[in-house]
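To keep things clear, I will list the structure first and then write my remarks on it.
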Amino acid sequence: MSEKEGFEPRIIGFLCNWCAYAGADLAGVSRIQYPTNIRIIRVMCSGRIDPAFILEAFKDGADGVLVAGCHLPSDCHYISGNFKALRRVTLLKRILKAFGIKPERLRLEWISASEGDKFATVVKEMVGEIKKLGPNPLKVGGKS
Amino acid sequence: MQAFEPKIIAFACKWCTSKEVEELQVPSNVKIVKVRCSGRIDPTIILELFTRGSDGTIVFGCPLGECHYETGNLHAEKKIKMLKKLMSLSGLNSERLRLEWISPLEEAKFTEIIRDFVGQMKTLGCSPLAGEKPDVNMLINLEAAKSAAEDFRLRVLVGREKWLLDNGNVYGEPVNEGEFDALLDEIVKAEFIRHKIHYLTREKPRSLKELAAFVGIKPALVLRHIMNMRRKGMIALDRIEGTTPLYKALEVQ
Amino acid sequence: MAEEKVGAVLVVGGGVAGIQAALDLADSGFKVYLIDQSPSIGGVMSKLDKTFPTNDCAMCILAPKLVATGRHPNINLVTNGEVIGLNGEAGNFEVKIRKRSRYINEEKCNGCGLCAQKCPVEAIDMFNEGLSDRSAIYIEYPQSVPLKFMIDREKCIGCGTCQEICKAEAIEYDQQDSEATLKVGSIILAPGFEPFDARLKSEYGYGRFPNVVTSIEFERILSASGPYGGLVLRPSDGEIPRKIAFIQCVGSRDAQLGNNYCSAACCMYGIKEAVIAKEHVPTKLDCTIFYMDIRAYGKEFDDYYNRAKEEHDIRFVRSRVASVTEDPSTGNLHVYYVEDGEPKTEEFNMVVLSIGMQPPKNAEKLAEVLGIKLNGYKFCQTELFSPVETSKPGIFVCGAFVAPKDIPESVAQASGAAARAMSLIASERGKEIVKKEYPPERDVTLEEPRIGVFVCHCGINIGGIVNVPEVVEYAKKLPNVVYAEANLYTCSQDTQEIIREKIKEYNLNRVVVASCTPRTHEPLFRETVREAGLNPYLFEMANIRDQCSWVHMHEPEKATEKAKDLVRSVLAKARLLKPLKKPIIDVTPVGLIIGGGVSGMTAALELARQGFEVHLVEREKEPGGHLRKIHYLLEGEDPKERLNRLVKEVMENGKIHVYLGAEVTEVSGFVGNFKSKIIHNGEEKEVEHGIVIVATGAVEYKPTEYLYGKDPRVITQRELEEKITRGEFKAKNVVMIQCVGARTEEKPNCARICCGQAIKNALKIKEVSPETDVYILYKDVRSYGFKEDYYRKAAEKGVLFINYDNGRKPKVTNENGKLKVTFWEPTIKEEIEIKPDAVVLSAATVPNPDNKRVAEMLKVPLTKDGFFLEAHMKLRPVDFATDGIFLCGMAHSPKFIDESIAQACAAASRATTILSKKTLEMEGIVASVDEDLCSGCRICEYLCPYGAIEMKEKNGKITAHVIEALCKGCGVCGTACPTKAITLGHFTTEEIMAQVKAALMEEITA
């Protein structure tokens, strides 16, 4: 099997309820088509996203992780949860390497409730980029 | 050339005649089947007989008011009426089906009627469904008629017709026979068409245009029937070719 | 002596307006009788496929409201009903009603539908506009509320089959029509409209040519539950059309018919139908819209119109179609029209007539029975400054019966009418109602998870792409799933009943629904499980529509796999769900209103009339806002006198505290318990309140184009109005230019009121100086509704209306001291020059620059244009997504005075649903602390943006505690806690981890 052609990345998306998740819903309402590779997990705030969740996703074989919340500085429904997400994701990207994961596999985006097209574009881009990176090297039996 | 001898089936209610089948003096091309009551005759069997090449069917029941089961003969009357409608719709001369009232006291009349029926069938000639080359289209029609007759909708209406005409409807209003018959006409026709569409789309998906040509009605009407069939789970969209949707029959439970 | 008032309201008409009014009233402590002529509520909206400008599926957004209405303990539905008599007066009416027999016992019918399956008689299905058939015993549509069958007595032959089949013994052939007398304090009329009968416009061939259909028929054709199952087919031959023409203004703007008015919604629904048709048709479809003016005047409507042109390739032809003929051999239609002075003919496969709105059929009868006045077109007569009041005290009105209008305006008016209806009987609040009782909650903590899964087809929205039966079978195999089934619409009322039954039958202790988004439907299902004795948080949703079937329409197999993954992932979470308790909080029965224009003042008065105290904060030294600058009105009222009256009433009302020259600088707290700082006269004051209403208004755009500011003869409409009023305006020749600062590349949306303003000023000029020539250069004249009358009047008075587009904007130059306007005249196709004495710019109404600050302070969103963004454009026009905060007036978008007043009343009504309650049941998703694990490190206390964590000492150990009423449930604390002692309910670490693991368990590729 040709590795890159047949490879369909699996992406976990952690989306905050008020902006990014609503944006993903809007992509649906507007029927904007994007690849099926993402599995969305809803949290109330991007500030709820524990680095442990992201590491768990990579450990379980996710080829990419998207963290999406409300736009900086002040869109956050909970005042400043997005800043907390920003700090955590930035730190996590630095240490991902130690786990053998390229930081490019983790992406942080601000997506508002009215940006359905942006959400779809982000997913499309991520799928493309991760296809180039190949499968998650931590995946059991996966090729590094 | 040998004279045409029509194949005829006679259903006789066992209370109409006291004699055994063998004792009845009828021509050899007439096969007599005794039934418990004319009301018990299954319409699909009669249609089935026609598809198998029978030239005529005659049903004997007790005269009105003399039915052993009180109203069986009346039900027979309604069923035969519906069958005749279905036969006409199928293109089969409805005179090939006859209903006669006869009481045990008039046994002589029995053979007389049979003879008359045989004569009539001779004049009508061979059934288009009999012989080497049966009319294929008519066969399809009769298949459709058979399923229509089995359909709950017709069974319920025919089953209740007598009661409604006698007692009025559930609101206590009298039911006018002419109006009811007109309604029945309409419904028999609709069911016949739908079952024909169903039959035709069983083997392969078909377009409205195709179906309209087969059924001989306007595409607009076919569309309406198809949508009703869809509502009832009889048919579904199979695929779209260009701008033409093709429909395929669903198995009816 | 006046009789005592009654705390109940009758709402006549169960469309979306009537439903909204009923819900507001019932949620504010009043008993409601909702009467509708039809066997079910939902009105015209229930027939629509999608709604503009969001393309939301109409049924999807309406169904939750239908269900909420149907199960509200204080709304008494009277279907098949009509009002036949009225006695008494405002505050104490006796209404005589008649209810047509359903021939079915509503108590006994469970809506199973077996009767309809077996009924031998077919009838034309009028819900599908006659395009299909139904049985003689029927419901109008699958989500009907109430879900009670009905016998069509005209068609029923009385065979008795249904009675034999009905297991519930619900059939009652002897049921008679009945009459009853209701005692109510006030009445709201929401009877809607009657679609124009397109046969009257015989030149278009409707009724003769099968492929000419009306817009409402086309809605049904587009609908998944419509006559053709959502396929766009020609009625003549069932073929999919390749070319469709939409003809606008059929039965509207038509002097011959006497329907001079504009039906206000048809332009947008026409565009929407064209866009959606293209989405539904698998092959290439060309859509052409024949129009006179595109009236996309609503919030972000022009964005939609532009997308239709640019992205969806819809062709727009400015022409009134002369006639339509049919080619009998093909069923195709020839459309005759004139474009650029040339007569043209074009062939189409199908023609859709955008039919207008007429007054409801029973308008005259209703008016007679109730003693209210109708206007010249037989719509309900209202006044500009009292837009929801009929001519009879105590009887209010909303929706299309006032004037043709679209859904959000109807909804806002409905809430507005509810507010007026309530204030009349505010003293009787709570006297006629019953409280909703839930069964005792089952303790499931020691039980193994027993999960029920319900997978929604959503018509064909999900089922058309995702293989729903396969998902159901898959779910059945997953651990702890003891039951799974598919539903046509999981949100429908009958399915709620099924869910409750299955919870009992299978002793379920968790429920998972795989359907649309939890953002809209979670509350409904939580309510359902609660009614079945389960804690509402033992419920979880998988979003397999918005985030699956709708975005993977061309990959059904992969979408099915994804749906399974999502269900599996959510089930992993559901297994771990724990019951949560909903905190109860007290409500401060006080309102804070930001902005003291006509909207803010109206909202303040309404709240005060309801009995609540109000803080009204206005930045200017004087109240009145925009209205202060209006000197005369199209409709003739004296704005000054009205404003003075309003200001006086507000100032004299003891319950309203007015702060002028003041500003709200800080808002903290939450619904029911806000605390805000107001800077007033240099002093800071702190106020406590239960709700906030944003009424910050809008401002006039300051033009930079057309020599404005450079030449004193170039002025804005408002400046013109000022000059005319002062008698300073003298001119022989005036050119008005529309859409200045609106409908441009940068600012694509319409400012709504400028066309009306220009017509008003043009008429005024003609009144004071008939010999003055007035030219109005416009893109589209958007005099919607009854304002069309004034457009006609202006044209009759000789005002010249000349069309221009963005490609050929007029030019204003100064030639040797003389103003010169050059523009293209499209009918004579020549460049024309005029040397006017004045050029008047219709400057757009733009967002208040302060909106950004207010939005950040309140944590509420703005649109990209800078107006406030409501919770839902269609059905929640004055709510924000954040509980307890509302908006009205021009802060929402530009609008006329009557519209602002209706919205202001609406905001007050919505606010009253909170303020009228002593306590509110809060969201149960809050943080909680495991004191044994807590090390007292204070990280959470530091991080919590709401100050919802306090440190407490207990047995010598300092640990964190959550103040539940302050906790908003973001979960930031739990993420940071080093000992994992604090966590957010319903989003615990274990739950999310399980969800992640399960989502990744299987390969998505085969």
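In the text below, chain A, chain B and the rest are named by the order of the sequence lines, each starting its count at 1.
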Top contributor to chain A interface from Gly974(C), Ser569(C), Pro518(C) [non-hydrogen pairs under 4.5 Å]: Pro518(C)
Chain A contact via His986(C) - which portion, at a heavy-atom distance below 4.5 Å: neither
Rounded to the nearest 0.5 Å, what's the gap from CD on Glu555(C) to OG1 on Thr36(A)? Could you check? 5.0 Å
Could you tell me which portion of Ala52(A) (side chain, backbone, both or neither) has an atom closer than 4.5 angstrom to a non-hydrogen atom of chain C? both
Distance from Ser112(A) atom OG to Leu869(C) atom CG, nearest 0.5 Å? 9.0 Å
What part of Pro861(C) gets within 4.5 angstrom of chain A, counting heavy atoms only: side chain, backbone, both, or neither? neither
Do the side chains of Asp50(A) and Lys980(C) get close enough for a salt bridge, i.e. N-O under 4.0 angstrom? yes
Between Arg519(C), Lys968(C), Lys573(C), who has the most heavy-atom pairs with chain A when the cutoff is under 4.5 Å? Arg519(C)
So which heavy atom on Gly969(C) is nearest to which on Met44(A), and how close? O-CB, 3.3 Å
Pair Ile41(A), Val996(C) - check side chain to side chain contact (heavy atoms under 4.5 Å, CB included), show working. CA-CA 8 Å; Ile41(A) 290 170; Val996(C) 172; 3.6 Å; yes
Are the side chain of Arg10(A) and the backbone N or O of Leu1000(C) linked by a donor-acceptor pair below 3.5 Å? yes
Contact part of Ala542(C) toward chain A, heavy-atom cut-off under 4.5 Å: side chain, backbone, both or neither? neither
Does any N or O in the side chain of Glu56(A) come within less than 3.5 Å of the main-chain N or O of Ala994(C), such that one atom is a donor and the other an acceptor? no
Heavy-atom contact with chain A under 4.5 Å, split by part of Lys50(C): side chain
Separation between NZ (Lys562(C)) and CD1 (Ile38(A)), nearest 0.5 Å, reads 7.0 Å
Over all heavy atoms of both residues, which pair between Ile12(A) and Ala999(C) is shortest? Give the atoms and the distance, please. CD1-CB, 3.8 Å
Least distance between heavy atoms, Pro51(A) atom then Thr975(C) atom: CD-CG2, 4.3 Å
Under 4.5 Å from any heavy atom of chain C - which part of Ala22(A): both
How many angstroms lie between atom CE of Met993(C) and atom NZ of Lys59(A), to the nearest 0.5 angstrom? 7.5 Å
Checking Arg48(A) side chain against Phe987(C) main chain: does a donor-acceptor pair fall under 3.5 Å? yes
Do the non-hydrogen side-chain atoms of Tyr34(A) and His552(C) ever get within less than 4.5 Å of each other? yes
When you measure from the side chain of Gln547(C) to the backbone of Ile40(A), do you find a donor-acceptor pair of N or O atoms at a distance under 3.5 Å? no
Against chain C, label Arg42(A) side chain, backbone, both or neither, depending on which of its atoms sit under 4.5 Å from a heavy atom there. both
Are more than 12 heavy atoms from other residues, nucleotides or ligands located less than 6.0 Å from atom CD of Glu125(A)? yes
Kindly compute the distance separating SG (Cys548(C)) from CZ (Arg39(A)), expressed to the nearest 0.5 Å. 7.5 Å
Does Lys278(C) have more than 12 heavy atoms from other residues, nucleotides or ligands lying within 6.0 Å of its NZ? yes
With rounding to the nearest 0.5 Å, note down the distance linking OH in Tyr21(A) to CG in Asn543(C). 3.5 Å
Proximity breakdown for Thr989(C) and chain A, heavy-atom pairs closer than 4.5 Å: both
Could you check whether any side-chain N or O of Thr517(C) sits under 3.5 Å from a backbone N or O of Asp25(A), counting only pairs where one atom can act as donor and the other as acceptor? no
Answer yes or no: is there a donor N or O on one side and an acceptor on the other, between the side chain of Lys859(C) and the main chain of Tyr78(A), under 3.5 Å? no
With chain C as the partner, which of Ser80(A), Ala27(A), Gly81(A), Ala62(A) has the greatest number of non-hydrogen pairs under 4.5 Å? Ala62(A)
Quick one: what part of Leu943(C) sits under 4.5 Å from any heavy atom of chain A, side chain, backbone, both or neither? both
